[in-house]
Trainee: 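If you scroll down you'll find the structure; I have some questions about it.
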Amino acid sequence: VKLPPPRTLVAAVAFTGYFAIAFAVRDLYPFSTFAMYAGAPPSRAPSRVIARDAGGGVHEVDELVAWHCDGQPPPDQTSCLDETSYATTTYLDQAASDWIAAHQGSGGAPIDVVRRIYRLADGGGPPVARDCVLRRCRAEPR
Amino acid sequence: MTSAWDGRSRAPLRAGLAVITAMDLAWLVGELRLAVISSAPRGASALMLAFRGHPWLTWVAAGAIVVALAAFALGRAPLVSAAVALAVFALLAEGHAALRGGPHHNVFAVGVVLLGWSIGLAWGRGLGGRAREDLAEAGALATLAATYVAAACSKLAARGLDWSDPLTLADLLLSQHRVSNHGFGASLVAAIVAHPGVCRALAVATLAIQLGAPFMLAGPRMRVVAGGALLGFHLTISRLVGIGYVGNMMLLALFCIPWPWLFPRLLPAVPPTPEPEPIVARRVAMAAMAILVGAVGAAWFLRASV
């Protein structure tokens with residue numbers, strides 16, 4: 001039996017090996033099945049932790065520094081209890097919380113750290129957004 | 001299986017891979033410095049405790065990777081230097097994952113391509129070549145393609161074709177979109193989210209583009225098409241939600257744009273590599289198959305025993 005050229009064999013072995021090992025170990029650098037957006041059923045009420053200034057303008061938390069708050073923002077669904085069921089993205093919420101912790105300072109203009117909850121309708125159309133305040137803070141632009 | 005680089009030195013591919021890895025390393029070091037003060041997660045693995053207790057470990061590891069990458073870029077002991085860079089980078093990435101409670105997949109591509117490149121180099125050594133970079137290129141592209149197919153298969157295995165449900169993309173866009181982006185990206189997100197048909201079409205396109213990644217191995221023209229589609233996919237995601245897989249995008253541009261066709265005079269010509277004796281090729285192929293079966297078997301055994 002004549003073997004395929006070495007390049008074809010290398011590609012086949014590298015592809016098969018990576019694929020098979022990735023599905024065995026799931027996440028062990030550099031192997032991964034990249035399943036981060038695969039499994040969780042989608043929500044009709046996704047949410048995000050963001051910053052809102054006194055004028056109602058919204059910003060990402062990492063666009064502000066010198067944070068001075070009345071406590072760390074709660075990173076999970078222990079907040080916004082008046083809202084009906086909504087979904088969170090844990091690592092993004094944690095990243096926002098970490099940013100505030102790592103960029104503490106003497107503050108600046110008043111800023112609310114809020115959870116923005118989007119409600120999607122069945123038949124499409126723009127989502128309805130509602131904010132619930134997590135912490136009252138002061139911060140300044142980066 | 002041909003390449004636009006056939007007959008030309010692949011040193012720019014090697015050097016480009018080293019530079020892109022160094023750029024991802026800089027990002028990872030910055031993230032590690034932030035992660036060591038993070039309150040999450042609650043557990044305490046040995047790796048997490050090591051990085052949290054000894055922040056200088058990050059700098060020592062980063063220094064070792066830079067030295068290894070410099071040697072790799074210059075073609076000095078490329079197999080050993082690639083292995084050292086990959087192993088130490090893996091230590092940093094796993095340390096970061098332990099501190100953060102999960103991996104950041106945007107730094108995986110450089111490790112994946114270094115792994116594939118090393119597989120090709122090792123295969124070439126077996127065939128008697130000192131640096132068969134044509135095989136390294138094939139291995140690198142194959143492992144990179146495997147990541148996209150794995151991503152698509154994960155989606156299909158978890159939810160089947162329901163993954164292309166319009167709600168999937170709407171949820172993803174709203175939970176990831178940067179709210180302060182008031183420009184074209186924001187208008188696009190608003191338009192997509194409001195139209196379930198568009199969401200479904202984009203979700204189906206995502207699966208098709210990811211499953212089409214192996215076409216990068218089907219010759220230089222198909223590489224441009226499949227790699228271009230993947231590059232467009234990453235650019236769209238970056239524009240819409242700010243998830244920038246910069247390493248992936250740069251690697252796709254490096255490997256899939258036929259640079260030797262665009263700049264033929266800039267790249268030195270090299271003589272074609274003589275094909276090995278069939279008996280040697282067969283022996284190396286058999287050894288590679290044995291290693292493959294052993295590695296996959298060990299990985300699945302590890303999974304079953306954990």
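Protein chains get the first letters and strands the later ones, always in sequence-line order, with residue 1 at the start of each.
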Trainee: Count the heavy-atom pairs under 4.5 Å between each of B/His195, B/Arg282, B/Gln176, B/Met289 and chain A, then report the option with the highest count.
Mentor: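 When all of B/His195, B/Arg282, B/Gln176, B/Met289 are compared, B/Gln176 has the most.
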Trainee: Given the options B/Ile291, B/Asp162, B/Val296, B/Ile119, which has more heavy-atom pairs under 4.5 Å with chain A than any of the others?
Mentor: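 Answer, by heavy-atom pair count under 4.5 Å with chain A: B/Val296.
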Trainee: For B/Leu135, is it the side chain, the backbone, both or neither that has a heavy atom under 4.5 Å from a heavy atom of chain A?
Mentor: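 Both backbone and side chain.
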Trainee: Which heavy atom of B/Ala146 sits nearest a heavy atom of A/Tyr18, and at what distance?
Mentor: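 Closest approach of B/Ala146 to A/Tyr18, heavy atoms only: CB-CD2, 3.7 Å.
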Trainee: Donor-acceptor pair, A/Arg26 side chain versus B/Arg303 backbone, under 3.5 Å?
Mentor: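 No; zero donor-acceptor contacts below 3.5 Å.
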Trainee: Once the angle between the rings of B/Phe89 and A/Tyr29 is folded into 0 to 90°, is it parallel (under 30°), tilted (30 to 60°) or perpendicular (over 60°)?
Mentor: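 Parallel: the ring planes of B/Phe89 and A/Tyr29 meet at under 30°.
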Trainee: Which pair of heavy atoms, one from B/Ser154 and one from A/Phe23, lies closest together, and at what distance?
Mentor: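 Looking at all heavy atoms of both residues, the shortest contact is OG-CZ, 3.9 Å.
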Trainee: Among the options A/Pro41, A/Ala129, A/Ser32, A/Pro4, pick out the one with the most heavy-atom pairs lying under 4.5 Å from chain B.
Mentor: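 The answer is A/Ser32.
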Trainee: Just give me the residue among B/Lys155, B/Met1, B/Arg132 that pairs up with chain A most often, heavy atom to heavy atom, under 4.5 Å.
Mentor: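 Of B/Lys155, B/Met1, B/Arg132, B/Met1 has the most heavy-atom pairs under 4.5 Å with chain A.
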Trainee: Residues two or more places apart in sequence or in another chain: which of them pass side-chain contact (heavy atoms from CB on, under 4.5 Å) with B/Ser118?
Mentor: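 Expected list: B/Leu79, B/Ala82.
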Trainee: For A/Leu9 and B/Ala285, work out which heavy atoms get closest and say how close.
Mentor: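 That would be CD1-CB, 4.1 Å.
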Trainee: Provide the closest heavy-atom pair for A/Glu63 versus B/Arg178 in the form atom of the first, atom of the second, distance.
Mentor: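 In this case the closest contact between A/Glu63 and B/Arg178 is OE2-NH2, 3.7 Å.
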Trainee: Over all heavy atoms of both residues, which pair between B/Ala299 and A/Ile21 is shortest? Give the atoms and the distance, please.
Mentor: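 Scanning both residues completely, I find the closest heavy atoms to be CB-CG2, 4.0 Å.
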Trainee: Under 4.5 Å heavy-atom distance to chain A, tell me which part of B/Glu275 shows up: side chain, backbone, both or neither.
Mentor: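 When you check distances to chain A, only side chain atoms of B/Glu275 fall under 4.5 Å.
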Trainee: B/Pro166 versus chain A, heavy atoms under 4.5 Å apart: side chain, backbone, both or neither?
Mentor: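 No part of it gets close to chain A.
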Trainee: In terms of heavy-atom pairs under 4.5 Å, which option from A/Ala12, A/Ser47, A/Pro5, A/Ala14 contacts chain B the most?
Mentor: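 Ranked by contacts with chain B, first place is A/Ala14.
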Trainee: If you count heavy-atom pairs under 4.5 Å with chain A, which of B/Ala109, B/Gly124, B/Ala298, B/Gly111 comes out on top?
Mentor: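 When all of B/Ala109, B/Gly124, B/Ala298, B/Gly111 are compared, B/Gly111 has the most.
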Trainee: Would you mind listing every side chain to side chain donor-acceptor pair (under 3.5 Å) that reaches into residues 1-17 of chain A, with sequence neighbours excluded?
Mentor: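 Qualifying pairs, neighbours excluded: A/Arg7-B/Asp6, A/Arg7-B/Asp134.
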Trainee: Among A/Gly17, A/Gly125, A/Ala51, single out the residue with the greatest number of heavy-atom pairs under 4.5 Å to chain B.
Mentor: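 That would be A/Gly125.
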Trainee: Shortest non-hydrogen contact from B/Phe108 to A/Pro30?
Mentor: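 Scanning both residues completely, I find the closest heavy atoms to be CD2-O, 3.6 Å.
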Trainee: For the pair B/Asp171 (side chain) and A/Pro46 (backbone), establish whether a donor and an acceptor sit closer than 3.5 Å, ignoring hydrogens and angles.
Mentor: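 Side chain of B/Asp171 to backbone of A/Pro46: no pair is present.
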